[in-house]
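Structure first, commentary second.
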Amino acid sequence: MTTDPPTFVNASLSDARFTDVNLRSAHFVDVDLAGASFANVSLAGARFDDANLAFVAVTDSNLEGMTINGILVSDLLRAYGV
């Protein structure tokens with residue numbers, strides 16, 4: 001039996017909390033995550049297109065293979081002596 005995945009359109013989930021949730025292969029389009037906080041999450045293989053990443057902070061994270069506009073982040077960090 002095949003069921004359609006849950007779909008949220010024009011929904012407000014402000015201040016929602018997600019713990020131990022599987023969003024693998026989920027699609028987010030025209031979503032506002034401003035001020036959201038992510039901890040202990042896997043974004044491995046995730047793709048961000050046309051994203052506003054202004055003032056985003058990434059700390060204590062595995063950046064292996066991560067690229068920005070096709071440039072390896074590890075190369076960028078090495079160029080800046082980090």
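We use all heavy atoms of the structure for the numbers below, so side chains are in, but hydrogens, waters and symmetry mates are not.
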*Below 4.5 Å, heavy atoms only, C-beta onward: do L77 and L63 meet side chain to side chain?*
yes
*Give the cluster check for Y80 versus L53: same hydrophobic cluster or not, with ILVMFWY residues linked at side-chain heavy-atom distances below 4.5 Å.*
yes
_V56 reachable from V82 in the ILVMFWY side-chain graph, under 4.5 Å edges_ = yes
*If you round to the nearest 0.5 Å, how far is CG of N40 from OG1 of T19?*
10.5 Å
*Nonpolar side-chain network containing F55, other nodes, edges under 4.5 Å*: none
*asked:* For the CZ atom of R47 and the CG atom of D49, what is their distance to the nearest 0.5 Å?
replied: 4.0 Å
_If hydrophobic clusters are built by linking Ile, Leu, Val, Met, Phe, Trp and Tyr wherever their side-chain heavy atoms come under 4.5 Å apart, do V58 and V73 end up in the same one?_
yes
_Under 4.5 Å side-chain linkage, directly or through intermediates, the cluster mates of F38_ = L13, F18, V21, L23, F28, V31, L33, V41, L43, F48
